[in-house]
Protein chains: 2
Amino acid sequence: MATLSDVAREAGVSPTAVSRYLNNRIELPQITTDRIDAAIAKLDYRPNLLAKRLSTGKTEAIALVTPEIANPFFAELAAAIEQEAERHGYAVYISSTRGSREREIAAINRLRDQHVDGLIMMTNEPDDGRLATLLRKRSNVVILDEDIPGVDVPRIFVENAQGAYLATRHLIDAGHRDIALVSGPETLFSVKERREGFARAMAESGLPIRPDWVLLGAYTRAFGHEAAQRLLTGPDRPSAILACSDYIAIGILEATRRMGLSVPTDLSLVGFDDMPFAELVHPALTSVRQPIAEMGRQAVEKIMAMIAGKAPPPSLTRLPVELVIRHSAAQPKG
Amino acid sequence: MATLSDVAREAGVSPTAVSRYLNNRIELPQITTDRIDAAIAKLDYRPNLLAKRLSTGKTEAIALVTPEIANPFFAELAAAIEQEAERHGYAVYISSTRGSREREIAAINRLRDQHVDGLIMMTNEPDDGRLATLLRKRSNVVILDEDIPGVDVPRIFVENAQGAYLATRHLIDAGHRDIALVSGPETLFSVKERREGFARAMAESGLPIRPDWVLLGAYTRAFGHEAAQRLLTGPDRPSAILACSDYIAIGILEATRRMGLSVPTDLSLVGFDDMPFAELVHPALTSVRQPIAEMGRQAVEKIMAMIAGKAPPPSLTRLPVELVIRHSAAQPKG
DNA sequence: ATCGCTAAGTAAACCGCTTTACCAAGCGAG
DNA sequence: CTCGCTTGGTAAAGCGGTTTACTTAGCGAT
């Protein structure tokens with residue numbers, strides 16, 4: 001492979017001149033640039049990025065730490081981030097931590113050694129402080145989707161409370177009064193926020209919230225299944241459930257099917273996230289859609305601004321959500 | 001950050017000694033290694049990978065080119081690859097090409113400049129020769145899932161024909177004789193193979209294949225929808241369809257719903273890929289499962305062997321598939 | 001007493017690019 | 001005529017490792 005020096009020799013100038021020319025750090029007369037261009041073309045010169053990186057300390061790569069790349073939500077987010085980063089000429093290192101704190105920590109440490117220029121951090125487990133400590137030492141970090149408290153960096157979240165509010169209102173407007181909430185781990189940021197939105201909608205309509213109808217556990221299908229069993233056995237049961245994740249909603253759907261109940265006739269159900277499968281299940285799931293592509297876009301934009309040195313004030317961006325109405329919610333029976 | 005020289009000075013030895021010690025290229029008495037270890041600990045030394053890479057020309061990173069990371073099939077594959085690569089201490093650069101040949105080419109070229117040590121290539125469009133030409137120039141390449149003819153590298157595919165055969169047999173065994181095939185683009189490798197498996201099963205049972213019941217188009221929901229409309233209007237229609245992708249199957253499912261037909265009562269349906277949503281739709285989709293994790297594992301294993309210099313003979317690995325029986329196929333009516 | 005060998009290192013070049021100085025020629029102004 | 005500025009460059013020192021080729025001390029054998 002031809003090097004910068006080869007090009008310089010061929011063009012009859014110094015390597016410095018070629019380097020500076022290629023990086024727009026010098027103005028040269030056209031006669032010289034023509035010679036350099038010709039040399040580059042002739043030798044099929046490609047800059048050695050490895051050398052460039054060592055020399056500049058920049059890698060033109062960002063890292064993405066995600067809980068689970070096989071989860072369609074995070075996969076779509078990763079796709080959006082990859083796409084936006086590519087536009088800026090940046091490569092993306094993706095680490096899938098599979099929900100393990102150890103792997104999250106290992107990933108962040110590895111990324112330090114890889115000298116990536118920025119880090120987009122996602123987690124779905126409440127932090128015990130270890131992530132925060134680690135992230136505080138790194139620069140050019142953006143926290144996405146779920147909070148990690150105690151780190152002074154830009155964050156990008158969706159309007160969790162508003163989403164839950166819209167979903168709950170949708171149920172109330174359909175005539176429901178006995179509404180249960182099934183959500184993720186209690187200490188998780190998004191869980192708290194969605195719960196608040198739920199509470200606000202209920203309060204606004206003067207509806208009571210029954211503590212035994214608020215089930216917090218995990219954003220998983222299994223928990224949805226379990227929660228449905230707990231909520232729907234016995235005569236005294238809700239006529240509608242707000243599931244704060246489509247995975248939970250699917251679990252509930254399965255359980256109802258097994259129990260011989262029909263959605264939405266016997267039970268109305270609204271999910272959250274609008275996963276790709278939400279419209280594929282039967283009945284198609286009414287769900288709160290998050291602007292995934294926009295989240296990815298803004299995360300990359302923030303990172304790029306930080307890399308460029310325009311450190312944005314540690315900001316909090318809220319992206320709007322939208323209720324996608326399908327067929328899993330209807331009027332209550334009777 | 002402390003450098004190798006800092007460590008050497010602190011330990012009272014030369015940088016060479018430290019470098020060789022850390023890379024196991026020298027045997028030193030314990031008294032010396034203790035001093036070096038102490039210096040490393042004291043200075044919290046971490047090797048600068050950028051420098052190491054320039055020096056050695058190796059990056060300890062592999063690249064993954066995938067058609068669409070937001071597609072659960074490829075996302076799962078990416079997750080498996082990432083996991084296995086991490087075990088070997090390798091990072092993974094993921095490029096999502098969104099089905100564009102231009103982006104595939106750009107990704108491969110970018111990766112050359114990134115000096116990645118290996119490349120796992122996936123595509124879902126038949127190659128016009130451009131990919132092959134480009135890939136022939138690169139080393140340590142593995143082709144995964146879908147063929148790119150004319151490149152002399154290890155390939156890893158699943159038993160496409162066997163999968164289609166199993167699925168078709170399943171339908172025949174249930175009593176079907178009027179079976180249609182809906183699949184992807186005609187020239188695609190997997191499409192050909194699955195078609196062969198279908199043909200073999202039909203021939204074995206002495207069943208004719210009606211050319212107008214073999215619809216080749218795209219592995220997409222839209223094409224499934226379109227194909228169902230073509231196949232199911234009019235009185236003379238198949239009692240079962242083999243859809244060579246779950247996306248196609250979903251499209252067919254939608255179309256039948258819209259047409260007032262019921263699966264599996266009026267139409268039996270078998271999909272291919274066993275996507276995560278296959279068991280979520282109603283009726284749950286009988287589908288051919290591919291060993292995604294194993295595909296990823298083997299791809300990384302092959303790459304690692306090539307990087308280590310044990311160039312394996314350009315080989316063809318076939319991984320077995322499995323029919324997952326759910327509820328979308330039953331006996332024909334009447 | 002010396003030869004040869006091993007153990008325990010080291011000096012210096014190199015990977016390919018960037019960047020900080022620095023310089024020389026030409027030219028217009030005073 | 002010469003001072004200072006602009007234009008068009010250059011030499012050389014990094015960046016932080018790896019690697020090749022070499023050295024030196026010590027020791028056992030002859």
Side-chain angles (χ1 to χ4, degrees), chain A residues 1-40 43-61 89 110 112-117 307-309, chain B residues 1-40 43-61 89 91 110 112-117 307 309:
Chain A
M1 282 247 47
T3 72
L4 189 84
S5 301
D6 296 338
V7 172
R9 196 175 319 119
E10 176 77 25
V13 294
S14 73
T16 313
V18 180
S19 170
R20 309 218 316 180
Y21 165 58
L22 289 177
N23 293 291
N24 293 316
R25 297 219 191 304
I26 198 176
E27 296 262 306
L28 292 177
Q30 207 200 321
I31 191 167
T32 310
T33 63
D34 283 351
R35 286 218 313 282
I36 296 178
D37 289 338
I40 288 174
L43 301 176
D44 188 26
Y45 168 72
R46 330 233 79 224
N48 182 324
L49 290 189
L50 266 35
K52 181 169 202 161
R53 287 176 191 163
L54 173 59
S55 191
T56 60
K58 314 226 134 249
T59 51
E60 308 211 311
R110 224 172 20 247
R112 170 197 48 194
D113 295 348
Q114 306 272 3
H115 292 254
V116 291
D117 296 338
I307 290 174
Chain B
M1 282 247 50
T3 72
L4 189 85
S5 299
D6 297 336
V7 172
R9 196 174 320 119
E10 176 77 25
V13 294
S14 72
T16 313
V18 179
S19 172
R20 309 219 316 184
Y21 165 58
L22 289 177
N23 292 291
N24 294 317
R25 300 221 188 302
I26 198 177
E27 297 259 308
L28 292 178
Q30 207 199 323
I31 191 167
T32 310
T33 63
D34 283 351
R35 286 217 314 281
I36 295 178
D37 289 338
I40 288 174
L43 301 175
D44 188 26
Y45 168 71
R46 331 232 76 225
N48 182 324
L49 290 188
L50 266 35
K52 182 170 200 158
R53 286 175 191 164
L54 172 60
S55 193
T56 60
K58 314 226 132 247
T59 51
E60 309 211 311
R110 229 176 14 252
R112 170 198 48 192
D113 295 348
Q114 306 272 4
H115 292 254
V116 292
D117 296 339
I307 291 174

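Order of the sequence lines fixes the chain letters, A, B, ..., with proteins taken first and strands second; residue numbering starts at 1 for each chain. All values reported here derive from a predicted model rather than from experimental measurement.
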TODO: Measure from the side-chain heavy atoms of A/Ser55 and tell me the nearest of D/dC15, C/dG9, D/dG17.
DONE: D/dC15
Task: Residue A/Thr3, side-chain heavy atoms: nucleotide from C/dT10, D/dG16, C/dC17 that is nearest - done: C/dC17
Open item on the list: Can you give me the closest heavy-atom contact between B/Leu4 and B/Leu22, atom names plus distance?
Closed with: CD1-CD1, 4.2 Å
Open item on the list: Of the listed nucleotides (C/dT18, D/dG8, D/dA11), which one gets closest to any side-chain atom of A/Asn23?
Closed with: C/dT18
- [ ] Grab the two heavy atoms, one from B/Val116 and one from B/Thr59, that are nearest each other, plus how far apart they are.
- [x] CA-OG1, 3.4 Å
Task: B/Asp113 with B/Arg110: basic N within carboxylate O range, under 4.0 Å - done: no
Task: Nearest to side-chain heavy atoms of A/Val13, which nucleotide of D/dG17, D/dA21, D/dT10 - done: D/dT10
- [ ] Identify whether any heavy atom of B/Thr56 sits under 4.0 Å from a base atom; if not, whether one sits that close to sugar-phosphate; answer base, sugar-phosphate or nothing.
- [x] sugar-phosphate
Open item on the list: Using a heavy-atom cut-off of 4.0 Å across all strands, would you classify A/Ile26 as base, sugar-phosphate, or nothing?
Closed with: base
TODO: Check every atom of D/dG8, D/dG17, D/dT19 against the side chain of A/Leu28 and return the nucleotide holding the closest atom.
DONE: D/dG8
Open item on the list: Under 4.0 Å, heavy atoms only, any strand: does A/Pro15 hit a base, just the sugar-phosphate, or nothing?
Closed with: nothing
Open item on the list: Taking 4.0 Å as the cut-off, does a side-chain nitrogen or oxygen of B/Lys52 come that near to OP1 or OP2 on D/dT18?
Closed with: yes
Task: Side chain of B/Arg25 (C-beta onward), nearest among D/dT19, C/dC17, D/dG8 - done: D/dT19
- [ ] Taking all heavy atoms of A/Leu50 and all of B/Gln114, pick out the closest pair and write down the distance.
- [x] CD1-O, 3.9 Å
- [ ] With the side chain of B/Thr32 defined as its heavy atoms from C-beta on, choose the nearest nucleotide among C/dG9, D/dT19, C/dT10.
- [x] C/dG9
Open item on the list: Quiz question: going by heavy-atom distance under 3.5 Å, is there a donor-acceptor pair between the base of D/dG9 and the side chain of A/Thr16?
Closed with: no
TODO: Let me know, please, whether B/Arg20 or B/Leu54 comes out on the 5' side of the other along DNA chain C by nearest nucleotide.
DONE: B/Arg20
Open item on the list: Need one value for A/Tyr21: base, sugar-phosphate or nothing, where a base atom within 4.0 Å counts as base even if backbone is also close, heavy atoms only.
Closed with: nothing
